[in-house]
Asks: 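Pasting a structure here, questions to come.
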Amino acid sequence: MNRYEPLKIEQKWQKIWETEKPFKANEVPNQPKMFLAEMFPYPSGAGLHVGHVRNFTIVDVLTRFYEQQRLNVLRPFGYDTFGLPAENYAIKTGISPQSATKTNIDNFRKQAKKLGFAIDWDREINTSDPEYYKWTQWCFLQLYKKGLAYQKESYQWWCPEDQTVLANEQVENGKCWRCGHEVEKKKMKQWFFKITAYADELLDEIDNLEWPEKIKTMQKNWIGRSVGAEIDFKVTESSLKIKVFTTRPDTIFGATFLVVAPEYPYLDVLTTDDTRETVLNYKAEALKKSEIERQENKEKTGVFTGSYAINPATKEKIPIYVADYVLAGYGTGAIMAVPAYDERDREFAKKFDLPIVEAKLCDRDLFGTPKTIYRMRDWLISRQRYWGCPIPIAYDKEGNPHPIPEDQLPVIIPEVEDYQPDHSGHSALAKAKDWLKVKIEVKDSKTGKTHLEEMTRETDTLDGYACSSWYLWRYASPHDETAAWDQKAIKYWEPIDYYVGADHAVAHLLYIRFWCKFFADEDYLPFREPIKRLLYNGYINAPDGKKMSKSKGNVIDPLDVINDGYGADTLRTYEMFIGPYDMDAAWDPRSVGGVYRFLNRCWTLCFDSEFAKTSSEGHPQLLRGRNEEPREDGRDEHPEEDGFANSLFSRHKTIKKVTEDLHRYNFNTAVAALMEYVNELYKIGASEEDLITLAKLLKPFAPHLASEMLEKLNSDDEWPKWDEKYLIADIVEIVIQINGKLRAKLTVNASDLEDEEKITKLALKDEKIKKYTENDIKKTIFIKKAKLLNIVI
RNA sequence: GGGCGAAUGGCGGAAUUGGUAGACGCGUUGGACUCAAAAUCCAAUGGUAGCGAUACUGUGAGGGUUCGAUUCCCUCUUCGCCCACCA
């Protein structure tokens, strides 16, 4: 007798898919397309984890579901390979990031192939491949040309451990998102992308996205639009004016003092001889304070600067303070304090004994000019790291930046011996002395003549998020040597229909929207939102409910699950069955066994001669068919054997349920419906049509087993359709309630559902109901749709 | 402190528009097969009482709306995630 041997079957089909490339995507005009992808992984040395498998399998289930419906499906794959882990590994071991990345990609690819994903492997992309980052640099230059990539000196988050600056969203609770070291503020000249130029559109378009509400809210909060006004306060005995931003310009009569941030550029001017020492001390302390300290101690601190300003509404002289509860990077870095209306100002006023005036409100734009500002800052993109996409810029002798001409791209990352950053704030790229020098053609502004000038390359690299801000478009024409993306391919495939991930709620998903809008403005993209639908899947935790981690030793390796003999089909199906896709779930090894048993039962139905009593006529073991006549009185002697055990009904019910569940991404209940179907087929027997239907519906989850079944059954895999006529029963069960409580069930002809009176009569004749209805019946409520009669007594 | 979400058997979870709570899986118990075990198959399985039909009870707690509430409203508790001095 044959046994279900998943590893054998899976090897067979993976080989077939490798050679026949059935998932290769081509543009077919007039055929509807479907483009799906997961957020491409960072290929770590540890290989795939169960979270990847969940993420990729969701994409794969949808890919195969639409493929089986004969849409033209594109499902590519790629690797997000720049980043600190590979560089830190290089510093430690001397193995180059280039080489480690190649090893890791090879491993990831091998593992992904073991899972049987329907990937077009000819479209693989890798962000650290010069063929790819050439075009990342091209993107940078387009932004640079339009003034949306610019340099600015400012205080930045600096990770002393990783020796690099960090973007705001890479600082988590005052710590570096990569190494967990406390970050500091450091004043540096850095490159930025002007994402704030698109703040309004990025915010306004959110409501139209088919994205989870959670993500949409987070993006809205991140952008954080505030509508208010800017008001000038004249400083006494000085020509200086302090510009403040407020959302409540109507409260200006209550403004009894001003507060500026410790980083405020004109703080020096505001200090007097008397206050200089205390102010400078305070500033030094504030800058030294880590973000954690600022968060932990919310007690207001500050000192008087020694200067006063005139409140333009009251004409009163009010003191100017410096305090770290005012943030340098938001608004103008200075506020008018209205302690009567603002809790923080009140707290400060109480502590420093400043007047709290309950003044009248005035017209909003009486003393200032209307102004809208955003919480979102421009995107800091320089990283003082080696393993990133080099910024295509060089500096002349005066230190002015010049773009590397497009025909000189890519700026290749040079090989170095030592990957350690020096402690001057430069990446290891600064050690590649030959690479640093570059000759660039410049035009003399006076003579108009051009000459080659030797310049020094930028040694900062781009934030990895830049590389992932356009890769979805590269998927459309991944090997195009003449452009970042081909216009025809873009028009056909994009924007992506389903994007699936479990991370990057704000950063990546905001940056890619920003680039999309920019490139749409430059006529490189025919759409302004890159992602139609976003599915955000939950994490998989260890069996103990805690996060999996090497140090806790509770990591489940998906490859172990396969190699233990369960196979990829069980692993995939289990991860879909584990719970709602968007919720976190805990791994349960025993449930894996349950899913294996289910697939084993599918196999047995199809291949075990004991069970494979198939016939083209179908229904060999009907318990009691729907085609049987019901009894005269509508009662059923054997309600437990009611015609649910009917082949056509079961089949069409299952097709409907699985199809609708997949449209709703209810993968767990779709698998449950298949289990139910198999259980029913065990009872009533399976016709060939049943087995074909089962295999087709199973294929998105367990493609190897389903392919094996379809091969034996000599069937294609086209997604089946259900017919409502088989779902209409001639006998139905009516629930009889007394005061909303279930008391009895009646089985009647379906046509009787139209006859409320008849059903009420039948119900009142029922022995179980009779004992409740001796007294008067107040009323009866019949709900046809719910097949329910409620008798109120 | 603010925002969002969640709470259902021994466990993971289902219930799609306010209409039979607990689908499906795990676990447990009993049975079949076997010299035996594994595997497989069949059956039972929210709790309490009862041999049983059945009755009562039951979706975090309390209240409300309704013929009827896991579902809607109010108050509270706990947990999770995100943001956190944003003027």
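In what follows, chains are A, B, ... by sequence order, proteins preceding strands, each numbered from 1. These numbers were taken from a predicted model, which means no experiment stands behind them.
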Asks: Considering only side-chain heavy atoms of Asp342(A), which listed nucleotide, rA87(B), rG25(B), rC67(B), is closest?
Replies: rA87(B)

Asks: Side chain of Met218(A): nearest nucleotide among rA87(B), rA84(B), rC82(B)?
Replies: rC82(B)

Asks: Can you build the contact string for nucleotides 9-23 of chain B? Use B for base contact, S for sugar-phosphate-only contact, and - for no protein heavy atom under 4.0 Å.
Replies: ---BSS-BB-BB--B

Asks: Are Tyr4(A) and Thr604(A) packed together at the side-chain level, in the sense that at least one heavy-atom pair is separated by less than 4.5 angstrom?
Replies: no

Asks: Since syn is defined as within 90° of 0, does rG9(B) count as syn or as anti?
Replies: syn

Asks: Looking at residues at least two apart in the chain, or sitting in another chain, which of them share a side-chain hydrogen bond (donor to acceptor under 3.5 Å, both in side chains) with Asp661(A)?
Replies: Lys657(A), Arg664(A), Thr669(A)

Asks: Consider the side chain of Lys300(A), meaning its heavy atoms from C-beta on, and name the nucleotide among rG25(B), rC67(B), rC85(B) that approaches it most closely.
Replies: rC85(B)

Asks: Using the P atom as the point on both nucleotides, what is the distance between rG18(B) and rA55(B), in whole Å?
Replies: 29 Å

Asks: Can you list everything that forms a ring pair (Phe, Tyr, Trp, His ring centres under 6.0 Å) with Phe348(A)? Sequence neighbours excluded, please.
Replies: Phe257(A), Tyr321(A), Tyr325(A), Phe352(A)

Asks: Can you see which heavy atom on Lys216(A) is nearest to which on Trp211(A), and at what distance?
Replies: CD-O, 3.4 Å

Asks: Which residues satisfy the ring pair (Phe, Tyr, Trp, His ring centres under 6.0 Å) test with Trp722(A), sequence neighbours excluded?
Replies: none

Asks: Rounded to the Å, how far apart are Arg597(A) CZ and rG27(B) C1'?
Replies: 10 Å

Asks: Are Asn679(A) and rG25(B) close enough that a side-chain N or O sits under 4.0 Å from OP1 or OP2?
Replies: yes

Asks: Report the distance from atom CH2 of Trp222(A) to atom C1' of rG2(B), rounded to the nearest whole Å.
Replies: 16 Å

Asks: How is Arg225(A) classified with respect to the nucleic acid when contacts are heavy atoms under 4.0 Å: base, sugar-phosphate, or nothing?
Replies: nothing

Asks: Could you go through nucleotides 69-72 of chain B and list every protein N or O atom that sits under 3.5 Å from one of its N or O atoms, giving the distance for each pair?
Replies:
none

Asks: Name all stems that contain residues of RNA chain B, defined as runs of 3 or more consecutive Watson-Crick or G-U wobble pairs, both distances under 3.5 Å.
Replies: B:1-7 with B:77-83, B:10-12 with B:24-26, B:27-32 with B:40-45, B:46-49 with B:54-57, B:60-64 with B:72-76

